[in-house]
2 protein chains.
Amino acid sequence: MSSIEISTFLKKHGIRPSFQRIKIYEYLVNHKTHPTVDTIYKELVNELPTLSKTTVYNTLSLFVENKITQLIFIEDNETRYDADYRTHGHFKCLKCGKIYDFKVETKETIEESLNGFEIKEEHYYIKGICKNCKQN
Amino acid sequence: MSSIEISTFLKKHGIRPSFQRIKIYEYLVNHKTHPTVDTIYKELVNELPTLSKTTVYNTLSLFVENKITQLIFIEDNETRYDADYRTHGHFKCLKCGKIYDFKVETKETIEESLNGFEIKEEHYYIKGICKNCKQN
DNA sequence: GTATCTGCAAAACATTTGCAATTCT
DNA sequence: AGAATTGCAAATGTTTTGCAGATAC
């Protein structure tokens, strides 16, 4: 996704496309590693030397409010962000720490036990050892 | 679960049953509300006036290490604990804040997309509006 | 020129750590 | 006595808040 596409995308979702916002969204979209605020900040501060963490926090909150980014909680003290807003699962490798996405569909058994409840967000995460770490 | 049963249970899991540990586990088992450290501390400090939050943290970490309690991350800055160590889902109501348990079985579609990965822990949580809040 | 956005510094929380006092065997 | 446990106080780390200056419409 290019800066111009991102700019249009942000406008479409009611967000004014400031330079910082474009850069932060660009980072999220092009690095599907579910980064933390700290990672995003450290990566972007080279390119935007005056960037502050406050702006990263503000911007990500804005993205979450406008539903173009979702929050991921897998570990304590480690809020992560994902530009993919569709429901999907996350697998975190306990050895290498990498996070993989996986496909998820709501199960009938869940729907049954939550009969009468209105589902707004679904989150799935699994911890274990990834294929790569098992082989090495 | 009575104090004596808890004492035996802790011993069985290699944990020395101190007074504080028994009380904390008792609270967890008898209040299936997935409390935070702060909630547990505030509830027990009446009964155990010298109790410190450090002890609550230490004890819960010990329980997690010994796999008699699981950690639940649903919100940021809000680590919760659950004496039920079996895999099950949590539904958090966005209106009343209450957390409900629901049954979950690993889906084939998840197993397929994680082929070759070793699953150690599975976590499912859903946010929405609970039956009770929808009716009122 | 008025709204919004950014970013610094300080505040607010949750959690961890070091260590001394206490408790248990 | 010796080992484990507890709890205070301080440190750490993350996120939020207040506010002043910069930027955009």
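Each chain gets a letter, A, B and so on, in the order the sequences are listed, and its residues count up from 1. Keep in mind that what you see is a predicted model, and the values were worked out from it rather than measured.
- At a threshold of 4.0 angstrom between heavy atoms, the contacts of Ser18(B) are confined to the sugar-phosphate backbone, with no base atom among them.
- dA3(D) shows a glycosidic angle more than 90° from 0 and is accordingly assigned anti.
- Judged by distance alone, the side chains of Thr59(B) and Gln20(B) never bring a donor and an acceptor atom under 3.5 Å apart.
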Does the pair Tyr41(A) and Glu43(A) meet the rule for a side-chain hydrogen bond (donor to acceptor under 3.5 Å, both in side chains), with working shown? CA-CA 5 Å; Tyr41(A) 172 76; Glu43(A) 288 288 320; over 6 Å; no
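- Protein atom NZ of Lys23(B) is 19 Å distant from nucleotide atom C1' of dG7(D), rounded to whole Å.
- Atoms NZ (Lys53(B)) and P (dA10(D)) sit 17 Å apart, rounded to a whole Å.
- Judged by distance alone, the side chain of His13(B) and the main-chain N or O of Lys11(B) form no donor-acceptor pair under 3.5 Å.
- Spacing between atom CZ of Phe19(B) and atom C1' of dT25(C) amounts to 19 Å, rounded to whole angstrom units.
- Going from atom OH of Tyr25(B) over to atom C1' of dT5(D) covers 20 Å, rounded to whole Å.
- Thr55(B) has a side-chain polar atom (N or O) that falls below the 4.0 Å cut-off from OP1 or OP2 of dG7(D).
- Going from atom CG of Asn58(A) over to atom P of dT16(D) covers 9 Å, rounded to whole Å.
- Nucleotide dT2(C) is matched to dA24(D) when pairs are restricted to Watson-Crick or G-U wobble geometry with both distances under 3.5 angstrom.
- Crowding of Lys32(B) atom NZ: a count of heavy atoms from other residues, nucleotides or ligands under 6.0 Å exceeding 12.
- For Arg80(B) (side chain) and Leu71(B) (main-chain N/O), no donor-acceptor pair under 3.5 Å exists by modelled atom type.
- Set against dG7(C), dT16(C), dT15(D), the side chain of Tyr57(A) has dT15(D) as its closest nucleotide.
- Side-chain to base pairing of Thr54(A) with dC8(C): one donor and one acceptor N or O lie within less than 3.5 Å of each other.
- Remark: C1' of dT6(C) and CG of Leu60(A) are 14 Å apart, rounded to the nearest angstrom.
- Ranking dT16(C), dT16(D), dG7(D) by closeness to the Thr50(B) side chain, first place goes to dG7(D).
- Using a 4.0 Å heavy-atom distance criterion, Gln20(A) is classed as a sugar-phosphate-only contact.
- Rounded to an integer number of Å, the gap from CD of Glu75(A) to C1' of dT14(D) is 15 Å.
- Atom CG of Leu62(B) and atom P of dA4(D) are 13 Å apart (whole Å).
- In this structure, Arg16(B) and Thr79(B) both approach DNA chain C, and ranking their closest nucleotides by distance from the 5' end singles out Thr79(B).
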